[in-house]
Student: 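Before I ask anything, here is the structure I am working with.
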Amino acid sequence: MKKYLLPIAVLMMAVLLLAGCGDNNSGVGDDVDLRIVSLMPSNTEILFDLGLEEAVVGVTDYCNYPPELEKAVEEGRIQRLGDSFNLNEELLVSLEPDLVLFGFGSDAVERLTGLGIKSEVIYPASLEETYASIRRIGELTGRQSEAEKLAADMEAAVDAVKAKAEAVPDNEKPRVLMLLDLDNLYVAGAGTLENELIAAAGGINVAEAESYAQINEEALIAYNPDIILCSFPYRDRILSEKEAWKGIAAVQNDAVFDIDGDLINRPTPRLVQGLEQLYGIFYPGQ
Amino acid sequence: MRGRRFLLFALLIFIAAGVMLAAVGIGAVMMPLREVAGIIWSALRGALSRPFTPAETIILQVRLPRILLGFLIGASLSVAGTAFQGLLQNPLADPYTIGVSSGAAVGATAAMLLFPGAASTFTVPLAGFCGALLALFAVYRLGSVGGRLPVVTVLLAGVVVSSFLSAVISLGMLVANEQMRNIFVWLAGGLGQKGWPLLLLIIPYFIIGLAVLIYLSRDLNLILLGEEDALSLGVEVERTKRWILVAASLITAGAVSVSGMIGFVGLIVPHAMRIIIGPDHRYLYPAALLGGGIFLVAADTFARTVIAPAEIPVGIITAFLGAPFFIYLLRRHREKYRF
């Protein structure tokens with residue numbers, strides 16, 4: 001037995017030394033070995049837009065864009081972590097991320113920072129903040145130039161639509177209601193992204209509430225909007241079920257539209273698509 | 001004594017009419033009574049042309065059904081609460097103690113999960129009603145001992161079924177994700193967006209249940225003096241208890257299936273009416289009916305007006321209004337209070 005002691009000791013030391021190498025602890029900003037977890041669909045989209053598909057290792061169950069994401073999940077390169085409210089922190093930490101992007105503040109942020117994992121909350125609530133968030137993500141991942149281009153292109157496209165909309169006098173702008181939930185009458189009021197997009201596209205948001213609010217059916221009828229936008233497919237139900245809404249201008253003039261909520265609610269460059277859709281609805285044929 | 005009671009009922013009816021009339025003019029859009037009366041009068045004469053103006057729509061298709069529904073639900077919960085407090089001989093009982101409402105909640109939750117965005121407005125209430133009946137059946141079986149319904153076992157059975165079903169609902173909410181908010185809002189209870197069809201749906205159940213309860217009101221009085229004494233006075237105690245259980249559960253099932261679990265009404269109004277009118281169920285049921293209706297209509301009017309265009313869930317208002325009022329009543333009539 002004794003004669004094997006030296007070779008075994010040498011072998012063990014070699015194994016330990018090799019394990020010590022190949023340390024994946026690359027700092028944030030060095031994107032070659034970056035491992036990023038995104039806990040908000042909007043941030044996931046931006047990461048893919050910046051060309052960081054290889055760096056993303058974890059996303060939520062609700063991250064559904066772009067299509068390449070689904071492929072990566074199937075191939076096991078990206079792990080789904082549930083939803084950001086019931087976060088599986090063990091699973092998250094086991095992915096050994098260098099950067100975790102949160103969509104809202106929670107104690108998890110402090111916990112992860114305490115573990116040495118860079119965590120940041122990024123959830124813009126306006127177009128300006130969206131441009132800033134794109135630039136910030138670029139900063140965090142060493143992709144400043146791509147981020148600058150992405151943000152600048154987005155801003156230019158938005159400004160183009162805004163210019164067209166501003167040419168319309170106020171009394172010719174359509175009065176719009178943005179409906180988020182039909183059974184509980186949730187609407188997008190002042191201070192929301194949807195509200196900003198409606199205004200930018202040349203519409204007037206009739207909901208006088210703050211943020212996302214549940215309103216009274218009476219108030220909705222009294223508002224008498226010219227156009228009703230639904231972020232879920234409610235159009236058929238509205239036309240068939242809502243007896244009391246038949247007198248509303250939007251229903252009378254067949255101006256109830258289902259639109260993809262993701263395009264007007266997520267702070268990503270796809271807001272431009274949403275904005276252009278809105279302009280097309282408000283001013284058809286222009 | 002009789003004269004006083006007569007006056008009290010007259011007063012209650014007067015207040016009920018007054019509150020409902022006022023409620024029709026109050027809301028996110030305030031309307032003077034003259035305009036409201038004009039619209040209703042024109043509607044009755046058939047003189048209104050479609051489509052209705054916003055004001056007409058609000059009065060006839062949104063507010064009127066909502067106020068009537070509020071009165072009916074408030075009356076249902078109060079009457080059922082009175083019956084359960086008598087049946088279970090427990091001042092803390094309310095329509096939700098017996099587990100029937102949890103059954104309705106499970107049925108409604110299942111419907112919302114299985115048919116998200118259900119096209120028919122009847123799906124959720126009907127499923128809720130079925131769930132309520134199943135829960136009643138379970139409680140009845142669990143609570144029966146040798147063909148009798150001992151008060152203690154019925155109460156325990158109700159609590160057990162209620163707890164179990166609440167756990168089922170929590171599990172449902174965990175699985176729900178997208179539907180979670182809908183389920184949560186439904187459970188908290190509300191009178192909005194129900195419309196005429198649902199109101200008409202539950203009226204029969206209320207009338208049948210109420211008729212049975214009033215028919216048995218004298219028997220219930222005697223049972224509360226002691227089951228043995230009631231038996232010797234010729235009351236068929238077990239049969240009466242069974243019928244009261246079914247009738248009150250039917251009323252509760254109807255109410256909860258349509259408007260969810262609005263709290264406080266079924267617990268507090270019976271007590272308040274007992275203090276005002278006395279514990280004789282022949283008068284207590286009608287008083288609870290009126291008192292519950294008034295209370296819920298007032299609370300709902302407040303809930304849908306005070307932060308318009310937004311709404312406060314009516315259950316919060318019933319709790320805030322109910323508790324202080326009850327404290328006031330209790331202090332004033334402490335010595336007169338008999339259960």
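As the structure is a prediction and not an experimental result, all values here were calculated from the model. So you know, we letter chains A, B, ... as the sequences are listed, proteins then strands, and number each from 1.
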Student: Salt bridge check, A:Arg175 against A:Glu208: does any charged N sit closer than 4.0 Å to a carboxylate O?
Tutor: no
Student: With a 4.5 angstrom heavy-atom cut-off, is it the side chain or the backbone of A:Tyr234 that approaches chain B, or both, or neither?
Tutor: neither
Student: For the candidates B:Thr53, B:Ile58, B:Leu60, which exhibits the highest count of non-hydrogen atom pairs separated by less than 4.5 Å from chain A?
Tutor: B:Ile58
Student: Select one option (side chain, backbone, both, neither) describing which atoms of B:Val29 are under 4.5 Å from chain A's heavy atoms.
Tutor: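 Both backbone and side chain.
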Student: Working note: A:Val121 + A:Leu101, criterion side-chain contact (heavy atoms from CB on, under 4.5 Å); need CA distance, chi angles, decisive distance, verdict.
Tutor: CA-CA 6 Å; A:Val121 179; A:Leu101 295 178; over 6 Å; no
Student: Select one option (side chain, backbone, both, neither) describing which atoms of A:Leu182 are under 4.5 Å from chain B's heavy atoms.
Tutor: backbone
Student: Looking at B:Ile312, B:Thr318, B:Val314, which one forms a side-chain contact (heavy atoms from CB on, under 4.5 Å) with B:Asp300?
Tutor: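 So, applying the side-chain contact (heavy atoms from CB on, under 4.5 Å) to B:Asp300 and each of B:Ile312, B:Thr318, B:Val314, only B:Val314 qualifies.
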Student: Do you see a donor-acceptor pair shorter than 3.5 Å between the side chains of B:Gln61 and A:Lys246?
Tutor: no
Student: Test B:Ser101 against B:Thr252 for side chain to side chain donor-acceptor pair (under 3.5 Å), laying out the working first.
Tutor: CA-CA 7 Å; B:Ser101 54; B:Thr252 306; over 6 Å; no
Student: Decide yes or no for B:Phe206 and B:Ile203: does some side-chain heavy atom of the first lie under 4.5 Å from some side-chain heavy atom of the second?
Tutor: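 The answer is no, as the side chains (C-beta and beyond) never meet within the 4.5 Å cut-off.
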Student: Could you give me the CA-CA distance, side-chain angles and deciding distance for B:Tyr205 and B:Phe129, then say whether ring-ring contact (aromatic ring centres under 6.0 Å, His included) is met?
Tutor: CA-CA 11 Å; B:Tyr205 298 110; B:Phe129 198 76; 4.6 Å; yes
Student: Are a donor atom and an acceptor atom from the side chains of A:Tyr212 and A:Glu194 found within less than 3.5 Å of each other?
Tutor: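 There is such a pair between these side chains.
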Student: Please determine, among A:Asn216, A:Leu220, A:Ile215, the option with the most heavy-atom pairs under 4.5 Å with chain B.
Tutor: A:Asn216
Student: Quick one: which residues of residues 248-271 of chain A reach chain B at under 4.5 angstrom, heavy atoms only?
Tutor: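 Those residues of residues 248-271 of chain A which have a heavy atom under 4.5 Å from chain B are A:Gln252.
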